Amino acid sequence: MGKQSTPQFSALNCIDLSNPDINQSVNLLKEACLDSGFFYVVNHGISQEFMDEVFAQSKKFFSLPHNEKMKTLRNEQHRGYTPVLDELLDPENQVHGDYKEGYYIGVEKGEDDPQSKKPFYGPNNWPAPDVLPGWRETMEKFHQETLEVGKAVAKMIALALDLDANYFDRPEILGEPIAILRLLHYEGQVSDPSKGLYGAGAHTDFGLITLLATDDVPGLQICKDRDAKPQKWEDVAPLKGAFIVNLGDMLERWSNCVFKSTLHRVLGNGQGRYSIAYFLEPSLDCLVECLPTCKSDSNPPKYPPILCHDYMTQRYKDTHADLNIYKKQQA
């Protein structure tokens with residue numbers, strides 16, 4: 001095993017959503033977005049009791065026998081179970097996929113809904129109610145409540161970019177969001193970067209923002225300067241009841257690189273670890289083009305406009321295993 005160095009914990013700003021001084025919160029958020037693209041959000045309106053219940057239900061799912069979990073294997077719409085090693089985030093440095101298993105939950109759309117045929121929409125791939133009673137209801141409630149937290153953070157981001165507070169919360173942007181809740185379980189492996197072994201390989205997130213709830217086991221690390229040689233990694237300390245929020249590549253693109261999408265990874269320390277990520281992305285048909293406040297004659301747009309649909313589809317394809325490999329395994 002490679003040498004374990006003493007953790008260097010990153011000092012992240014903490015945004016209190018109950019703070020009546022909105023300017024103070026926006027300034028703290030802007031400082032974080034210009035520096036690391038990571039910050040804590042507290043007093044977000046989701047009770048600690050309910051957070052604890054969601055984690056307990058997540059553990060129940062991952063404790064099921066493997067064949068029971070495979071009944072909910074992710075489908076083409078990216079709903080359902082992702083087995084250990086399914087996702088490969090950093091192919092240059094990883095010898096194989098991530099040592100984590102996950103479960104994707106999106107916005108529920110019935111099969112009779114015209115939108116259910118679109119990528120990233122449709123019915124979820126739920127465990128049978130007799131296997132996990134009440135599980136679906138708990139996760140749907142958490143999905144909805146976290147969406148409200150995400151929208152509150154998006155308002156602050158808009159203000160930090162000198163936009164109208166509701167800029168992102170418009171029908172064409174977050175009216176029909178691709179909001180994806182992902183339960184994660186890292187098994188008790190010890191990661192060793194020198195051997196290409198990671199809980200989750202180094203990556204940036206695809207979309208607008210990610211909200212992450214974690215248990216009390218550390219493991220998340222960030223690298224503020226991805227081009228540094230060697231890269232310097234800092235640990236992000238778990239904070240009970242908080243969301244760790246980070247900006248995604250889509251927001252970096254939207255803001256013309258004013259705000260940063262920061263490289264991050266997960267290293268296992270031998271303890272099992274549970275976390276819950278909520279990826280908030282715009283509507284499929286949203287055109288992501290340089291924000292009006294982030295360009296000028298001396299600073300023209302660095303990226304061409306792109307449809308959210310095209311961008312997200314390619315990013316998922318690049319990082320996930322071909323589903324046909326599981327069909328072969330089950331044959």
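If you're wondering where the values come from, they're calculated on a predicted model, not measured in any experiment.
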When you compare the side chains of E53 and Q57, does any donor N or O come within less than 3.5 Å of an acceptor on the partner? yes

For the residue pair D52 and Q48, confirm or rule out a side-chain donor-acceptor distance under 3.5 Å. yes

Going from OG on S36 to CD on E31, what distance comes out if it is rounded to the nearest 0.5 angstrom? 9.5 Å

Look at the side chain of N256 and the backbone N and O of C294, then say whether any donor-acceptor pair between them is shorter than 3.5 Å. yes

Would N125 and T72 count as having a side-chain donor-acceptor pair, cut-off 3.5 Å? no

Among F259, Y311, Y303, F168, whose ring pair (Phe, Tyr, Trp, His ring centres under 6.0 Å) with W254 holds? F168

Walk me through whether Y278 and I276 qualify under side-chain contact (heavy atoms from CB on, under 4.5 Å). CA-CA 7 Å; Y278 191 89; I276 302 171; over 6 Å; no

Output the distance between atom CD1 (I178) and atom SG (C308), rounded to the nearest 0.5 Å. 4.0 Å

If you count every heavy atom of other residues, nucleotides or ligands that lies below 6.0 Å from K302 atom NZ, does the total exceed 12? yes

Can you tell me if N246 uses its side chain to pair, donor with acceptor, with the backbone of F38 under 3.5 Å? no

4.5 Å side-chain heavy-atom contact, L211 and H44: no

Please round to the nearest 0.5 Å and tell me the distance separating atom CG of D215 and atom NZ of K240. 9.5 Å

Classify the angle between the aromatic ring planes of Y81 and F62 as parallel (below 30°), tilted (30 to 60°) or perpendicular (above 60°). tilted

Between Q231 and R226, is there a donor-acceptor pair closer than 3.5 Å when you use the side chain of the first and the backbone of the second? yes

Cationic N near anionic O, under 4.0 Å, K224 to D35: yes

Distance col, row K141:NZ vs F50:CZ, nearest 0.5 angstrom, shows 4.5 Å

Would you kindly confirm whether L17 and L280 end up in one hydrophobic cluster when ILVMFWY residues are joined by side chain heavy atoms under 4.5 Å apart? yes

Once the angle between the rings of H185 and Y274 is folded into 0 to 90°, is it parallel (under 30°), tilted (30 to 60°) or perpendicular (over 60°)? parallel

From L147 CG over to L174 CG, what is the distance, rounded to the nearest 0.5 angstrom? 7.5 Å

Whether W135 and Y103 hold their rings parallel, tilted or perpendicular, with breakpoints at 30° and 60°: perpendicular

Between R182 and T82: side-chain donor-acceptor atoms closer than 3.5 Å: yes

Heavy atoms only: give me the nearest I15-S25 pair and the separation to one decimal. CD1-O, 3.9 Å

